[in-house]
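For clarity, every value in this text was computed on a predicted model and none was experimentally measured. Whatever order the structure lists them in is the order used to number ligands and atoms, beginning at 1.
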Amino acid sequence: MSTPEIAGETGPDVSEALRVLHRVFGYDSFRGSQQEIIDHVVDGGDALVLMPTGGGKSLCYQIPALVRKGVGVVISPLIALMQDQVDALRALGVRAGFLNSTQDFEERRLVEAEFLAGEIDLLYLAPERLRVEATVRLLERGTISLFAIDEAHCVASWGHDFRPDYLALSALHERWPEVPRIALTATATEATHAEIASRLKLQDARHFVASFDRPNIQYRIAPKDDPKRQLLHLLRTEHPGDAGIVYCLSRASVDKTAEFLVKNDVRALPYHAGLDARTRAENQSRFLREDGMVMVATIAFGMGIDKPDVRFVAHLDLPKSVEGYYQETGRAGRDGLPSTAWLAYGLQDVVQQRKMIDTSEGDEAHRRRLGAHVDAMLALCETVECRRVRLLAYFGQKSDACGNCDTCLTPPESWDGTVPAQKLLSTVVRLKRERNQKFGAGQITDILLGKKTAKVIQFDHDGLSVFGIGADLREAEWRSVARQLLAQGLIAVEGDYGTLVLTDESAEVLGGRRPVVLRREPERAAKAARAERAPKQRAAPVDLPAEAMPVFESLRAWRGATAKEQGVPAYVVFHDATLRAIATLCPSTLSELGTVTGVGENKLAKYGEQILETLGTGTGSATGTGSAAGAGSVTGTGSAAASPA
Ligand code: ADP
Ligand code: ZN
């Protein structure tokens, strides 16, 4: 599909890029800075692209690879997904292949031959392959149009996905100084940005930084109470039958949570590094291919998962950094339709993370950095500001209150927590001074509440003068006070048991020189608000008129059968948004169908007739019956007739 006569000497041809966008991808226009980036790379320039998940990064290298002479080499760490990526391109009629360790010799040889003959336009490679001299020699014998370095944050040690193999990618520049490089990532704190640029030697490249906002994702953070139940409530009330990802910190809690969901009739699967490779691959494939699966996973899962219709991402534990959190939640709603990011966290999470940091490998500076990541995450959880404003500020971007996060939908009240803060801190002081003891938040709360638990009696804590001085607040409120003091740096947690200790700033509160403003948790607030008030900013979904609904359903049935027959995920055939647009337009000719966004030349040729048949609008199709019944009756044959033309 390359059009070599247009590239090279004659310079870039903007309209050729646009033609490819229409013809191959079936899209009307470029989004955001896609056009600029594509022009720059087509013209032979290096680029560093920071764009949020779902922003449309792939086109930024796929189109230049199609326009320029030679093969575009895409470096990606996601071996397990290469097959799907290549399948999706082939479904568009793009000639693509991959080389990785999952192939046998014959398969590899075939792809290598295609590469050398210029019979493919895109070649996906795992980074470790570039350390193999034979691969480098192979690349040197072919013609390369560009190098795309996907998931470029993997080169940064500051980030959370560091892959040593990425470090070697700086050599690309020396071996192929003429070939443009485009590095792309959805992770973009200033620190990561700078590290990518320097490690990949892209300082002189043009940097394209998109807005990181994902307005269709509703951000919500709740205190952890009974996390599995809270999750189930969310799924039942807001996301029944939806596909989603649930993140847990440990393998054990992944297994338990998946089991719990299955027992409660949610179609859920586990995913973590402790499962054997086959189970992992199978679960991933089911998540991608079947409708409405919930994946319960550690953060080992998700990078590069470009399933467009993930409707929610839930975190049952505090993530280790804001950067990781934003990337994980970004996996929701790539199709631009409304989606939820929900996080439950408690003080215990912080204790556990501190423990992990204390025992982690690496020097003191490294541990301090990890600690700073957790602090930033905690501050996000306890903010009274708009979550999105905080998130975007973390990536150095200014924004206004979003109207689509829990604090915007139900603004938390702030209240003067100076006295409760003093009570809690004095309890810590008394234990230390009078008994030379340290305790965690649980025991301290019990003392404040005046609860005669076994442990209180055992340590004779009911004899302390502070015993029962906090009976005016409920237990959940004391937990919230403790979390917020921690978030504000007014207490700290320490050691294996997460004992509370004073910080340098505690004295100011105890001495009455510093007021403490706290956030009051709105009770189950965001959920109620969501029902009453539509979020201000929502990506406009293609609204489906009631009469188009049965048509959409029959198109979906056709898509399901077609995808199954071809062994690809349903969205590789067509996205939901495209099916909705078809159902709404109800085209009666192929050329009319071709105007729908997402219907490119190849898919039109391959599926056009079947779709018209399914719609019951095509010239050759049977007449008459109402669209629903008519479409329904054709669906069966649709799948039978789905063999590629
Ligand atoms: P990223 O890699 O940045 O997460 P993708 O490249 O997967 O994002 O694109 C996200 C979605 O947006 C995909 O479904 C893609 O087909 C779609 N998309 C990208 N660019 C356009 C465009 N110009 N017009 C319409 N849809 C687009
Ligand atoms: Zn907001």
Side-chain angles (χ1 to χ4, degrees), residues 17-18 20-22 24-38 49-63 74 76 78 81 84-85 88-89 91-92 94 148 150-152 182 184-188 208 210-221 302-310 326-327 330-337 341 380 383-393 399-412 526 529-530 533 535-537 539 542 569 571-578 581 596-600 603:
L18 198 59
V20 171
L21 181 77
H22 295 314
V24 178
F25 296 90
Y27 296 145
D28 301 332
S29 54
F30 287 113
R31 265 192 203 159
S33 42
Q34 277 178 335
Q35 166 117 52
E36 254 184 294
I37 298 166
I38 290 169
V49 175
L50 312 182
M51 208 186 262
T53 311
K57 284 184 287 299
S58 330
L59 290 188
C60 296
Y61 59 84
Q62 287 167 351
I63 291 184
V74 185
S76 161
L78 310 161
L81 294 170
D84 279 355
Q85 284 171 325
L89 284 166
L92 294 166
V94 175
D150 206 5
E151 312 289 352
I182 170 170
L184 311 102
T185 179
T187 306
F208 297 87
S211 161
F212 265 68
D213 192 10
R214 298 285 313 281
N216 60 313
I217 302 179
Q218 183 173 93
Y219 278 89
R220 280 151 50 190
I221 301 179
M303 205 210 302
I305 291 288
D306 51 6
K307 186 174 167 60
D309 56 356
V310 174
Y326 202 61
Q327 191 154 73
R331 289 166 192 152
R334 293 167 84 108
D335 54 10
L337 300 180
L380 170 71
T383 183
V384 290
E385 276 183 279
C386 168
R387 307 276 190 205
R388 199 178 313 266
V389 166
R390 285 298 289 250
L391 281 166
L392 293 175
S399 62
D400 293 325
C402 72
N404 192 21
C405 73
D406 52 357
T407 53
C408 282
L409 290 168
T410 326
R530 186 190 180 98
R533 242 169 76 182
K536 252 195 298 186
Q537 295 187 16
V542 188
Y571 60 80
V572 166
V573 178
F574 283 118
H575 284 188
D576 272 5
T578 304
V596 173
T597 296
V599 184
K603 288 189 179 175

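- Taking a 4.0 Å cut-off on heavy atoms, Q34 registers as neighbouring ligand 1.
- How far CZ of R387 is from CG of L409: 11.0 Å, rounded to the nearest 0.5 Å.
- Angle SG(C408) to the Zn ion (ligand 2) to SG(C402), rounded to 10°: 120°.
- In F30, the part holding a heavy atom less than 4.0 Å from any atom of ligand 1 is the backbone.
- Heavy-atom contacts of S29 reach the following atoms of ligand 1: 22 (C), 23 (N), 24 (N) (cutoff under 4.0 Å).
- Set against the non-hydrogen atoms of T53, the atoms of ligand 1 under 4.0 Å away are 4 (O).
- Closest to atom 15 (C) of ligand 1, if we only count protein heavy atoms, is Y27 OH, 3.6 Å.
- Ranking protein heavy atoms by distance to atom 9 (O) of ligand 1, first place goes to G56 CA, 3.5 Å.
- The protein non-hydrogen atom at the shortest distance from atom 7 (O) of ligand 1 is R334 NH2, 3.4 Å.
- With a 4.0 Å heavy-atom cut-off, ligand 1 is reached by no atom of P308.
- Given atom 5 (P) of ligand 1, the protein heavy atom at minimum distance is S58 OG, 3.6 Å.
- At least one heavy atom of P52 sits under 4.0 Å from some atom of ligand 1.
- The CG atom of N216 sits 5.5 Å away from the CZ atom of R214 when rounded to the nearest 0.5 Å.
- Residue, atom and distance of the protein heavy atom nearest to atom 12 (O) of ligand 1 are R31 NH1, 3.2 Å.
- Nearest heavy atom pair, residue I221 against residue D406, reads N-OD2, 2.8 Å.
- At the shortest separation from atom 14 (O) of ligand 1 among protein heavy atoms lies H575 CE1, 2.8 Å.
- A heavy-atom distance below 4.5 Å is not found between the side chains of D309 and L337.
- The protein atom (non-hydrogen) at minimum distance from atom 10 (C) of ligand 1 is G54 O, 3.6 Å.
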For this session: Walk me through it: do M51 and L184 pass the test side-chain contact (heavy atoms from CB on, under 4.5 Å)?
Result: CA-CA 8 Å; M51 208 186 262; L184 311 102; over 6 Å; no

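- Smallest separation of non-hydrogen atoms from A88 and V572: CA-CG1, 3.7 Å.
- Here the side chains of N404 and P215 are not in contact, with every heavy-atom distance at 4.5 Å or above.
- At a threshold of 4.5 Å between non-hydrogen side-chain atoms, the residues T53 and Y326 do not count as touching.
- At a 3.5 angstrom cut-off on N or O pairs, T597 does not count as close to ligand 1.
- Scanning both residues, Q34 and C60, for their nearest heavy atoms gives CG-SG, 4.0 Å.
- The aromatic rings of H575 and Y571 sit perpendicular, their planes meeting at an angle over 60°, well past the 30° parallel limit.
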